[in-house]
Amino acid sequence: MIHCAIEKPVLFSYEECLWFLDRNLDECLYRVENGEVVRALCIGGETVLFRISDGGDVLRLAISDGGDKHMPAVEAFVRAWIDFDTPLERFYEQLREVPALSYMPEQYGGLRLIGIPDLFECLCWCVIGQQINLSFAYTLKRRFVENFGGVVEKGGHVLRTFPTCSTVAELHVEQLRALQFSGGKARYLTQIARAFCNGDISRKHVEPLPRDERLRMLMRLPGVGPWTANYVLMKSFRDPDAVAVGDAGLLNALLRHGLITHKGESSRIDELFAQFAGYRAYLVLYLWRSLSARA
DNA sequence: CGCCAGGTTAGAG
DNA sequence: CTCTAACATGGC
């Protein structure tokens, strides 16, 4: 067991981030227990288990034995996953300028944009979640991971890793249909997996491109439309201005705040987001956050 | 039973 | 380019 402490950034709330990580009880890629996050991570062919806990001014990381040499990679993953490196001061100023949103820095202060660093995982999660309610989406993801992903058992924990593209590329549509995936989702998932295996797409290819090119590259994949492409920019590439256009939850949040009176007021939405240049993705996150009551 | 859900696609006009 | 139906199923 090796430990490490990361200094928390300004405007960081362990509690808020933990709330986000724990808000859905059916998450299968990590566990939240006793205020700690436990997760498995594949690094260079090895699977290491790590644990995150609150250490006051620091975040504590612990890696289970054997994984000592992977601490730098785990630390880098956690920093990226929980978005340590975005300063939020300016965003909170922007929120305070909009009366309907001015409560947010107080209510959700320190909430960070928890990402999905792996591009393949992020795309699969989008396809799984399209046009179904979130709880069913988590059910489908669990079935997907439990049936086709990896398992690690260490120190009394059973943890799972996301299926690899080579595994998913070999799946038959009927295997996914049996898990109650629609025919469309089943086809998209296997086709996207093949695109990764073929090298038709990879993070390395997409990352260097400007936003429009990234969107275009992503939308060439089957099952990837504007919503998914922007969601991927937000959660996997950390584009600060990516907005999941037309998102059902986002529209509901805008309605609840009286920022629009009916869905389809795209010009008014554009105006609002224009005020949040540099932090549009964070505005989406905080609006999503507002849809869930505090536990 | 009906309507909506972290949408996308194919086909028609 | 815009509009529509179909997709499959759960939650309410």
Query raised in the report: Quick one: is B/dC4 close enough that its OP1 or OP2 comes under 4.0 Å of any side-chain N or O from A/Lys263?
Result: no
**Report entry** Distance below 4.0 Å between A/Asn252 side-chain N/O and B/dA5 OP1 or OP2
**Finding:** yes
Query raised in the report: Is there a donor and acceptor pair, one atom on the side chain of A/Asn133 and one on the base of C/dG10, closer than 3.5 Å?
Result: yes
Report task. Name the nucleic acid region contacted by A/Leu221, choosing base, sugar-phosphate or nothing; use a 4.0 angstrom heavy-atom cut-off, strictly under. Result -> sugar-phosphate
Report task. Using atom types as modelled and distance alone, determine if a side-chain donor or acceptor of A/Thr190 lies under 3.5 Å from a backbone N or O of A/Ala186. Result -> yes
Query raised in the report: With nearest nucleotides of DNA chain B determined for A/Ser135 and A/Val224 from heavy-atom distances, which residue corresponds to the more 5′ nucleotide?
Result: A/Ser135
At a cut-off of 3.5 Å, list every protein nitrogen or oxygen paired with a nitrogen or oxygen from nucleotides 4-8 of chain C, distance to 0.1 Å.
{"unit_1": "C/dA8", "atom_1": "OP1", "unit_2": "A/Gly183", "atom_2": "N", "d": "2.2"}
{"unit_1": "C/dA8", "atom_1": "OP1", "unit_2": "A/Gly184", "atom_2": "N", "d": "3.2"}
{"unit_1": "C/dA8", "atom_1": "O5'", "unit_2": "A/Gly183", "atom_2": "N", "d": "3.3"}

Query - Atom pair distance, as rounded to whole Å: CG in A/Leu291 and P in C/dG11 - result: 19 Å
Query - d(CZ, A/Arg220; C1', B/dT9) in whole Å - result: 18 Å
Find every protein N or O atom lying less than 3.5 Å from an N or O atom of nucleotides 1-3 of chain B, and list the pairs.
none

**Report entry** ring pair (Phe, Tyr, Trp, His ring centres under 6.0 Å) partners for A/Trp81, two or more places apart
**Finding:** A/Tyr30, A/Phe77
**Report entry** Whole angstrom value for the distance that separates P of B/dC4 from CG of A/Leu134
**Finding:** 18 Å
Report task. Can you establish whether the number of heavy atoms outside A/Asp57 located under 6.0 Å from its atom CG is more than 12? Result -> no
Report task. Flag this pair as yes if the NZ/CZ of A/Arg203 is under 6.0 angstrom from the six-membered ring centre of A/Phe237 and inside a 45 degree cone about the axis; otherwise no. Result -> yes
Query raised in the report: Got a sec: does the CD of A/Glu89 have more than 12 other heavy atoms crowding it under 6.0 Å?
Result: yes
Requested in this report: Begin from the C-alpha positions of A/Phe91 and A/Tyr286 and carry the test ring-ring contact (aromatic ring centres under 6.0 Å, His included) through to its verdict.
Outcome: CA-CA 11 Å; A/Phe91 173 51; A/Tyr286 276 53; 5.1 Å; yes
Report task. Calculate the interatomic distance between A/Leu140 atom CG and C/dG11 atom C1'; express it in whole Å. Result -> 14 Å
**Report entry** Of A/Arg39, A/Arg142, A/Lys141, the residue whose pairing with A/Glu27 passes salt bridge (Lys or Arg N to Asp or Glu O under 4.0 Å)
**Finding:** A/Lys141
Query - P gap between B/dT8 and C/dG10, integer Å - result: 22 Å
Report task. Hey, can you tell me if A/Trp125 and A/Tyr138 have their rings parallel, tilted or perpendicular (30° and 60° cut-offs)? Result -> tilted
Query raised in the report: Centres of the A/Phe162 and A/Phe144 rings: under 6.0 Å?
Result: yes
Query raised in the report: Can you tell me if A/Arg31 uses its side chain to pair, donor with acceptor, with the backbone of A/Val158 under 3.5 Å?
Result: yes
Query - Distance-minimising heavy-atom pair for A/Leu113 and A/Ala281 - result: CD1-CB, 4.0 Å
Query raised in the report: Quick one: are the ring centres of A/Tyr282 and A/Phe276 less than 6.0 Å apart?
Result: no
Query - Given DNA chain B, 5'-ward residue of the pair A/Asp247 and A/Gly223, judged by closest heavy atom - result: A/Asp247
Query raised in the report: Would you find a donor on one side and an acceptor on the other, under 3.5 Å apart, between the side chain of A/Glu146 and the backbone of A/Arg143?
Result: no
**Report entry** DNA chain B contacts made by residues 191-203 of chain A, counting heavy atoms under 4.0 Å
**Finding:** none
Report summary line: What residues 231-246 of chain A contributes to the DNA chain B interface at heavy-atom separation below 4.0 Å is none
Query raised in the report: Applying ring-ring contact (aromatic ring centres under 6.0 Å, His included), which residue pairs with at least one partner in residues 241-262 of chain A are found, sequence neighbours left out?
Result: A/Tyr103-A/His257
Requested in this report: Looking at every strand, decide which applies to A/Thr228 at a 4.0 Å heavy-atom threshold: base, sugar-phosphate, or nothing.
Outcome: sugar-phosphate
